[in-house]
Amino acid sequence: MDKHILLRDLDVPNIHELAVYSQHDGYVAWKKAVTSMKPEEVINVVKDSGLRGRGGAGFPAGVKWSFIPKDVFPKYVTVNCDESEPGTFKDHQLIRSNPHQVIEGTALCAYAIGANVAYIYCRGEFREPARELQKAIDDAYAAGLLGKNLFGGNYSLDMYVHLGAGAYICGEESALLESLEGRIGQPRLKPPFPAVSGLYSKPTVINNVETLANVPPIVLNGAAWYKQWGTEKSPGVKIFSVCGHVKKPGNYELPLGKYSIQDLLDMAGGSMTGRPIKAVLPAGSSSPIIPAANFHAKLDYEAMAAIGSVLGSCSWIFMDDSVDMVWAARKMIRFFKHESCGKCTPCREGTHWALRLYDKLLSGKGTIEDVNLIGDVNKQIIGKCFCPLGEFATSSMTFTLKHFKQDYVDFVEQKKGGSEVYLQELARDHHLHELHSGVVPVNGIAVH
Amino acid sequence: MLKDKYKDQIAALFAKYPPERKRSAVMPLLYLAQEEYGYCSEDAMREVADLCGMDPTEVKSVVGFYTMYYEHKVGKYVIDVCDDLPCVLRGADKFVNYCEQKLGIKAGETTPDGKITLNVVMCLAACDRAPMCQVNTDYHYDLTPDKFDKLVKELRSK
Ligand SMILES: Cc1cc2nc3c(=O)[nH]c(=O)nc-3n(C[C@H](O)[C@H](O)[C@H](O)COP(=O)(O)O)c2cc1C
Ligand code: SF4
Ligand code: FES
């Protein structure tokens, strides 16, 4: 691809500024839609483009919009900028470096479904980039691109940023809505789906930041233009966040289905350490790990499914052969135990017990029976949870065991546990746990 | 009282949500309270509850659920270093060791002068620039011991 469609800051300096964005087709699609297109026409072009949700599940965006009932008011758009999956940092770059395209895409979605209010839910840790996003929104208001009676017609749109406060689960769409309504972020029972009963029990579309950033160029240039990239089932372009043991970590925008995992690794400069790459997590901690033997697979939804993994949020964590999968799996379990919202027992207790098992292994006291127990703990979680987080938590265990069982066996047999580094790591986590639960105050100041 | 001191700001916060949905403002109001008082004290939570027509215990459960609200006093500057998997692959574990040594405290603790709290946190969506941290939610990237020394010096002099 000669030019970026999403990460346009790489081609156009200062595109985060309204004046620069406007000089580069900025808000042309928006004006065109509001002044000359019917809402259904906007839905149809997005549907025809085949654009799939970029937040993880890959649901076709236009189809989701078409589920919104016409005769219920008000309706809402909620943008998912919770971006908390370890290894994901694409939405972060988008709202910082190309915020107007996110705003324009959100606006187009609102117009298409007949919403007059949109909320952009940013994770609390995004306070700094959210400030820049807010500035872009303010500029758009000042330029008459948001607000009342846009372009002299009778369509009005307000857009607000809402900050979360640190909770991975709020990226799950129904938990996000709970959070936006001022409650703790625990998922809701579905159905009803948000399209029917979402924010404030009204019809609501929830889309990822990147999904919506694709919309302005699609509305401007048409569905056929967008489909020149990608495959039939995975049309268009996608941002790949690449990190871990690579020389050039960062965001890479690529057409879907064209390159392989190996190509992606090569683009990112190959191994940073000079050691061979052993495996990659394609969608952060919640995804099935892919051993290097499968690096020939193409980067699209179908090919990832074919090798037993997912494209998901597209956060590629490469690991070289120095990484022990027992250690890596523990790190991921620690994450999910920390982030379990506590609503259902299999996830809350299951992640707790899983972490205890891994802690035992890391401490050097683990046995092969403990390794076998991991599968049992998994069985208590899989298929028994209220939301996908519980399931995500098991994938780090299931798939490291599936592809790297030898790491576990060696870990126990060669007594790799109990090393100074591991003990230090365990001690740190233990100390934090005690502080958080108020067991030990420090300097008279206990930290939450 | 927040209500008097930040009258306009609070009105602007409520204006973002439907008038009958005051509760939606609880999170931004808690941030406001936390900035004013340094942490979400019982009194602060009661004030916020009053403002958005909630029960104080409900506000407390919100504070308890989200990691970014502090229920206890913390340092003037909170340094959150990410020690999640991707960052550790790029040296964050050794970096945290250095931070602890430099500040003379363990992760989770606050320096005796009450100035700096050191924390380790989960992924902050900047894994390509590890080791990284946030100081009161402002990002600092590509950290080295030298850069950390400078950062600490700057914070101490503020
Ligand atoms: C535990 C969990 C965490 C999630 N985190 C995010 C997230 O941070 N950002 C996101 O866009 N979607 C996230 N999702 C997916 C959302 O629930 C939802 O599918 C998505 O926002 C829909 O937008 P899309 O169709 O544009 O992808 C998460 C899902 C789960 C179960
Ligand atoms: S699976 Fe975990 S995160 Fe999801 S509702 Fe149950 S406890 Fe909460
Ligand atoms: S793992 Fe540290 S910022 Fe993502």
**Study point:** Side-chain heavy atoms of B/Met122 within contact of A/Tyr168, under 4.5 Å
**Key:** no
**Study point:** Lys/Arg N to Asp/Glu carboxylate O, A/Glu434 vs B/Lys106, below 4.0 Å
**Key:** no
Check your understanding: Checking heavy atoms, do the side chain of B/Asn136, its backbone, both or neither come under 4.5 Å from chain A?
Key -> neither
Check your understanding: Does any heavy atom of chain A fall under 4.5 Å from the side chain of B/Tyr17, the backbone, both, or neither of them?
Key -> both
**Study point:** Aromatic A/Phe89 / basic B/Arg129 pairing, under 6.0 angstrom, 45° off normal
**Key:** no
Check your understanding: Between B/Val96 and chain A, which part of the residue has a heavy atom less than 4.5 Å away: side chain, backbone, both or neither?
Key -> both
Exercise for review: Taking the side chain as every heavy atom from C-beta outward, state whether A/Pro86 and B/Asp84 have any pair of such atoms under 4.5 Å apart.
Suggested key: yes
Exercise for review: Pick one of side chain, backbone, both or neither for B/Asn97, based on which atoms fall under 4.5 Å of a heavy atom in chain A.
Suggested key: both
Point to revise | Which of B/Cys82, B/Pro18, B/Ala25, B/Cys52 touches chain A most, by non-hydrogen pairs under 4.5 Å | key: B/Pro18
**Study point:** Side chain / backbone / both / neither for A/Leu163 at chain B, heavy atoms under 4.5 Å
**Key:** both
**Study point:** Test item: A/His162 and B/Pro28 side chains (from C-beta on) under 4.5 Å apart, heavy atoms
**Key:** yes
Check your understanding: Quick one: of B/Glu100, B/Lys22, B/Met54, who has the most non-hydrogen atom pairs under 4.5 Å with chain A?
Key -> B/Glu100
Review point. Under a 4.5 Å heavy-atom cut-off, does chain B meet the side chain of A/Gln93, its backbone, both or neither?
Key: neither
Check your understanding: Looking at B/Glu58, B/Gln134, B/Glu20, which makes the most heavy-atom pairs under 4.5 Å with chain A?
Key -> B/Gln134
